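Before any comments, here is the structure.
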Amino acid sequence: MHEVLLAPSLLACDFGKLKEEIEMINGSDADYFHVDVMDGNFVPNISFGQPVIKFIQKYAKKPLDVHLMIVQPEKYIEAFSDLGADILTVHVEACPHIHRTIAQIKECGAKAGVALNPGTSLATVEEVMEDADLFLIMSVNPGFGGQKFIYNAIPKIRRLKSMLIDVNSHAMIEIDGGVGLHNAEQILKAGTDILVAGTSVFGAENPVEAVNKFKNIKRDTSIL
Ligand code: DX5
Ligand code: ZN
């Protein structure tokens with residue numbers, strides 16, 4: 001049995017009181033701040049960029065898990081790493097040279113994550129299983145918070161977990177999109193290490209209590 005790691009997504013917070021929202025998560029048992037960067041090109045939405053992340057970094061007391069939903073992410077890796085990203089995740093669909101991009105992230109001192117959209121096969125990352133520090137399985141089509149969980153992500157995670165075991169990789173598995181208390185146990189059982197949760201944390205009546213509930217889920221990996 002090991003710990004459930006939780007990364008609340010700030011995309012779902014009240015930006016009118018961003019500092020208070022960050023402080024609330026600082027005071028909770030959450031493990032990371034999930035920070036969604038969207039460019040209106042890779043995904044049909046624009047979120048926020050460097051000046052906002054600089055502010056987040058100033059107040060955050062937990063590591064920043066930065067999810068880049070942008071084209072040509074290699075152009076910005078150094079900039080986001082300098083802003084204090086602990087995990088920097090790029091989309092494989094946006095990276096024709098994913099092996100090089102992973103190396104570039106690691107050279108900057110961040111952990112390298114590779115994200116896959118729901119329609120993207122695990123075969124696209126098979127050759128970098130041993131290189132990336134984390135794989136992010138999207139359980140919604142990226143671009144917006146509050147969408148419905150796509151259940152194909154569960155068998156995909158099971159398959160990813162067994163691919164990682166086969167090559168003796170210790171890369172973590174993260175899931176993002178539509179995660180809530182109703183499906184978290186099932187997602188964890190498939191082999192997930194980190195849950196991203198936006199609406200189900202910031203949209204809850206008591207977000208700190210929601211974090212605690214996620215953290216208290218019994219994570220039994222003996223079925224793997
Ligand atoms: C979606 C983003 C997610 C989003 C999750 O494109 O990558 O991180 O904030 O939000 P919920 O948990 O509300 O689906
Ligand atoms: Zn995300």
Side-chain angles (χ1 to χ4, degrees), residues 4-15 18 21-22 25 28 30-49 52-53 56 60 62-71 73 76 80 85-95 105 110-120 132-154 156-157 172-188 192-205 207 210-211 213-215 217:
V4 174
L5 299 173
L6 187 73
S9 169
L10 284 169
L11 190 66
C13 83
D14 180 347
F15 287 106
L18 181 55
E21 299 278 64
I22 295 169
I25 299 301
S28 79
D31 300 276
Y32 302 93
F33 284 94
H34 185 80
V35 178
D36 287 305
V37 180
M38 303 178 181
D39 66 353
N41 196 351
F42 181 69
V43 288
N45 196 15
I46 299 175
S47 57
F48 46 74
V52 176
I53 297 178
I56 295 170
K62 295 174 191 282
L64 300 191
D65 167 32
V66 177
H67 178 191
L68 297 179
M69 285 161 276
I70 63 176
V71 296
Y76 300 94
F80 283 107
D86 295 89
I87 303 173
L88 204 43
T89 296
V90 293
H91 269 262
V92 67
E93 303 87 357
C95 296
I105 297 173
K111 289 204 171 79
V114 180
L116 287 84
N117 283 336
T120 302
D133 297 301
L134 176 147
F135 291 96
L136 171 55
I137 299 299
M138 290 305 304
S139 39
V140 296
N141 287 296
F144 305 93
Q147 301 183 76
K148 216 167 155 264
F149 186 84
I150 298 170
Y151 273 86
N152 276 4
I154 304 248
K156 195 172 184 179
I157 281 177
M172 292 200 288
I173 301 177
E174 182 174 32
I175 192 151
D176 186 5
V179 175
L181 286 160
H182 63 289
N183 56 14
E185 200 174 326
Q186 201 185 350
I187 294 167
L188 290 163
T192 307
D193 300 291
I194 309 177
L195 301 173
V196 175
T199 311
S200 56
V201 167
F202 290 102
E205 221 165 281
V211 168
K213 283 187 184 158
F214 274 110
K215 292 289 295 180
I217 296 170

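Just so it is clear, the values below take in all heavy atoms, side chains as well, and ignore hydrogens, waters and symmetry mates. One-based numbering along the sequence shown. Note that the structure is predicted; figures quoted are calculated from it, not measured. Numbering of ligands and ligand atoms starts at 1, following listing order.
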In terms of residue, atom name and distance, what is the protein heavy atom nearest to [atom]?
{"atom": "atom 5 (C) of ligand 1", "result": "Asp176 OD1, 3.5 Å"}
{"atom": "atom 6 (O) of ligand 1", "result": "Gly143 N, 2.8 Å"}
{"atom": "atom 1 (C) of ligand 1", "result": "Phe144 O, 3.5 Å"}
{"atom": "atom 10 (O) of ligand 1", "result": "Gly145 CA, 3.6 Å"}
{"atom": "atom 11 (P) of ligand 1", "result": "Gly146 N, 3.6 Å"}
{"atom": "atom 13 (O) of ligand 1", "result": "Thr199 OG1, 2.4 Å"}
{"atom": "atom 12 (O) of ligand 1", "result": "Gly198 N, 2.8 Å"}

Supply the atom-to-atom distance [X] [atom1] to [Y] [atom2], rounded to the nearest 0.5 angstrom.
{"X": "Glu174", "Y": "Leu136", "atom1": "CD", "atom2": "CG", "answer": "5.0 Å"}
{"X": "Asp36", "Y": "Thr89", "atom1": "CG", "atom2": "OG1", "answer": "10.0 Å"}
{"X": "Thr192", "Y": "Ile157", "atom1": "OG1", "atom2": "CD1", "answer": "3.0 Å"}

Ligand 1 atoms in contact with [X] (distance to a heavy atom under 4.0 Å):
{"X": "Met69", "answer": "6 (O), 7 (O)"}
{"X": "Gly177", "answer": "14 (O)"}
{"X": "His67", "answer": "7 (O)"}
{"X": "Pro142", "answer": "6 (O)"}
{"X": "Leu11", "answer": "9 (O)"}
{"X": "His34", "answer": "8 (O)"}

Quick check: of its N, O or S atoms, which one does [X] have closest to the Zn ion (ligand 2)?
{"X": "Asp36", "value": "OD1"}
{"X": "His67", "value": "ND1"}
{"X": "Asp176", "value": "OD2"}

- Query: N/O of Gly178 under 3.5 Å from N/O of ligand 1, yes or no?
  - Reply: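 Between Gly178 and ligand 1 (N or O atoms, distance only) the closest approach is under 3.5 Å.
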- Taking both backbone and side-chain atoms of Met38, is any N or O found less than 3.5 Å from an N or O belonging to ligand 1?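 It does not: no N or O of Met38 is found under 3.5 Å from an N or O of ligand 1.
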- Among Leu6, Leu134, Val4, side chain to side chain contact (heavy atoms under 4.5 Å, CB included) partner for Ile194: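 Among the candidates, only Leu134 passes.
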- Would you call the rings of Phe42 and His91 parallel, tilted or perpendicular, where under 30° means parallel and over 60° means perpendicular?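 Phe42 and His91: tilted rings.
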- Query: Has the side chain of Asp176 got a donor or acceptor atom that lies under 3.5 Å from a matching backbone atom of Pro142?
  - Reply: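 Here the side-chain-to-backbone pair does not exist.
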- Of the side chain and backbone of Asp36, name the one, both, or neither that has a heavy atom under 4.0 Å from an atom of ligand 1.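 The answer is the side chain of Asp36.
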- Item | Region of Ser9 engaging ligand 1 - heavy atom pairs below 4.0 Å |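 Side chain only.
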- Message: Could you check whether Lys215 pairs with Asp31 (Lys NZ or Arg NE/NH1/NH2 to Asp/Glu carboxylate O, under 4.0 Å)?
- Response: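 Yes, charged N to carboxylate O under 4.0 Å.
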